[in-house]
J.: 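One structure, pasted below without further comment.
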Amino acid sequence: MTTMVETPVAPSLPAGLLIGDAWRPSGDGSTFAVDNPATGDVLAEIADATADDALAAIRAAADAQPALAATTPAWRARLLRRVESELRSRVEEFALLITLEMGKPLAEARGEVAYAADFFGWFADEALRVSGDYRTAPNGASRILVKHRGVGPCLLVTPWNFPLAMGARKIAPALAAGCPSVLKPAEQTPLTSLLLAQVIEDAGAPAGAVNVLTTTRPAEIVTAVIESGLARKLSFTGSTSVGKLLLAQCAPYVMRTSMELGGNAPFVVFADADLDAAVDGALLAKMRNMGEACTAANRFLVAEEVAEEFTAAFAARMAALRVGPGWVDGSDVGPLIDDDGAQKVHRLLEDAVSRGARVETGGERLAGRFVQPTVVSGIADGSALLTEEIFGPLAPIATFASEAEAVARANDTAYGLVSYVYTRDLDRGLRMIDELASGMVGVNLGVVSNAAAPFGGTKESGLGREGGFEGIHEYLDTTYAALRA
Ligand code: NAD
């Protein structure tokens with residue numbers, strides 16, 4: 001572990017709920033503490049929204065809808081550009097806040113700020129490019145005019161692992177499409193959303209365009225908004241189990257939904273791969289965010305011929321990573337978000353070892369929520385870490401004997417968010433894109449996230465896409481007019 005140095009002071013923040021044009025306390029005056037996962041110390045005490053606050057917020061969004069929808073695309077693009085530029089100029093302030101409330105190292109937090117800013121920039125341009133079309137009916141009897149317009153007030157629910165980027169990926173396309181929203185960030189990391197909302201407000205967003213509800217009562221708040229009947233769309237990022245619950249809750253209202261859910265990414269290394277590049281990619285795909293990413297490599301599948309070499313090189317790199325608080329210079333691996341997260345990783349490791357897995361590096365218990373980067377090999381079928389999301393710095397390596405076996409094992413999961421493949425054979429790389437059952441495939445790359453790309457999953461990893469040309473359409477309805485020829 002790197003040595004503890006004094007905890008930096010958190011940037012100053014609004015502590016209330018943003019509802020319409022005002023920051024206010026919660027309706028019943030209650031508050032909750034947000035802690036620093038590296039120390040367990042309280043970072044801030046903020047408003048704990050009630051169901052009545054949730055109703056007030058979705059009403060404020062509904063009231064803002066007509067005026068926001070009437071703004072021009074150019075006006076919305078300028079608003080988004082101002083937010084982008086503010087995020088880029090305040091990268092240190094946002095990065096420190098992300099590190100303090102979520103735990104990731106500062107360098108990664110800076111990367112998250114840049115990634116979040118990219119979404120405001122990307123959707124500033126997309127606001128200008130929402131096109132319709134004009135066709136002739138096949139029988140020549142009518143003309144077909146197709147246009148798109150904002151879906152209406154949106155409910156945006158985000159997880160704790162990317163406190164800024166997950167909100168940015170939703171708010172930016174919603175605003176670009178002229179849709180007001182209610183953002184409900186995760187209770188573990190709500191502070192960054194408060195700072196973001198303040199930036200959006202200061203950039204000139206109209207009252208009610210973005211509302212923020214921090215709360216320890218997510219089910220009550222989300223239910224109140226859905227059952228108000230005022231929200232036309234839910235965009236959710238989080239676990240598959242909660243996503244399924246929310247899909248069922250939205251069904252009676254036939255609400256549009258986007259679901260960015262859990263993953264169980266395979267990382268496949270073929271014998272013809274550039275092994276140095278594969279080890280670099282493995283480190284990124286496994287260790288970004290301490291492994292607490294939906295895109296984290298959950299299962300390493302390595303060709304038998306190169307398994308020993310890959311495992312030794314990867315384990316050496318994992319062993320060299322320094323564990324410590326994210327703000328300390330030289331820390332590569334911060335704490336996990338909470339005690340449950342750390343205990344889950346230890347439980348999965350013990351289960352694998354009890355079934356015969358070999359610890360290649362790591363495996364010792366550290367203090368608090370810190371977990372040692374760990375590599376295990378010789379994983380037996382039936383081990384829980386092959387089917388559950390690990391969400392921590394634990395890398396299981398299994399081997400395969402043929403391409404067909406690699407594909408079958410990679411696809412043997414209920415999830416389908418992302419797969420990674422390392423090969424020097426172009427034909428094989430293209431074949432893998434066809435055969436791997438996931439919404440995204442990294443070919444000789446350990447990170448796929450990009451504001452210009454359609455991020456999202458298949459199977460139980462979700463519905464809909466964020467980013468790319470597709471992203472804004474999650475917030476647009478289609479209207480078609482029939483015109484007499
Ligand atoms: P979570 O499902 O526990 O919580 C996500 C959000 O839902 C939080 O805001 C939480 O307060 C809220 N929530 C929890 N229970 C709820 C309920 N009953 N009703 C309404 N809202 C509720 O997930 P998490 O632990 O915050 O995040 C980790 C999960 O998110 C992992 O499964 C990860 O893979 C997934 N994730 C997916 C993506 C993606 O883009 N696919 C990105 C990041 C994280």
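Here, residue 1 is the first one in the sequence, and each next residue gets the next number. Each ligand, and each atom within it, is numbered from 1 in the order the structure gives. These values consider heavy atoms only, across backbone and side chains, with no hydrogens, waters or symmetry-generated copies.
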J.: Give me the atom names and distance for the closest heavy-atom approach of A177 to L476.
T.: CB-CD2, 3.7 Å
J.: Which residues satisfy the ring-ring contact (aromatic ring centres under 6.0 Å, His included) test with F267, sequence neighbours excluded?
T.: F300, Y420, Y422
J.: Between E45 and T31, do the side chains contain a donor N or O and an acceptor N or O under 3.5 Å apart?
T.: yes
J.: Taking a 3.5 Å cut-off between nitrogen or oxygen atoms, can you list every pair linking ligand 1 to the protein, with distances?
T.:
from: ligand 1; atom 1: 2 (O); to: S239; atom 2: N; distance (Å): 2.8
from: ligand 1; atom 1: 2 (O); to: S239; atom 2: OG; distance (Å): 2.6
from: ligand 1; atom 1: 9 (O); to: T158; atom 2: O; distance (Å): 2.7
from: ligand 1; atom 1: 9 (O); to: K184; atom 2: NZ; distance (Å): 3.1
from: ligand 1; atom 1: 11 (O); to: K184; atom 2: NZ; distance (Å): 3.1
from: ligand 1; atom 1: 11 (O); to: E187; atom 2: OE1; distance (Å): 2.6
from: ligand 1; atom 1: 23 (O); to: S239; atom 2: N; distance (Å): 3.4
from: ligand 1; atom 1: 25 (O); to: W160; atom 2: NE1; distance (Å): 2.9
from: ligand 1; atom 1: 26 (O); to: W160; atom 2: NE1; distance (Å): 3.2
from: ligand 1; atom 1: 30 (O); to: G238; atom 2: O; distance (Å): 3.3
from: ligand 1; atom 1: 32 (O); to: E389; atom 2: OE1; distance (Å): 2.7
from: ligand 1; atom 1: 34 (O); to: E389; atom 2: OE2; distance (Å): 2.5
from: ligand 1; atom 1: 40 (O); to: R169; atom 2: NH2; distance (Å): 2.9
from: ligand 1; atom 1: 40 (O); to: E260; atom 2: OE1; distance (Å): 3.4
from: ligand 1; atom 1: 41 (N); to: L261; atom 2: N; distance (Å): 3.3
from: ligand 1; atom 1: 41 (N); to: L261; atom 2: O; distance (Å): 2.8

J.: Quick one: ring-ring contact (aromatic ring centres under 6.0 Å, His included) partners of Y253, sequence neighbours excluded?
T.: none
J.: Name all residues meeting the salt bridge (charged side-chain N to carboxylate O under 4.0 Å, His left out) criterion together with R81; count only those two or more places apart in sequence or in a different chain, and write none if there are none.
T.: E84, D125
J.: Going by distance alone, is a donor N or O of one side chain under 3.5 Å from an acceptor N or O of the other, for K459 and S438?
T.: no
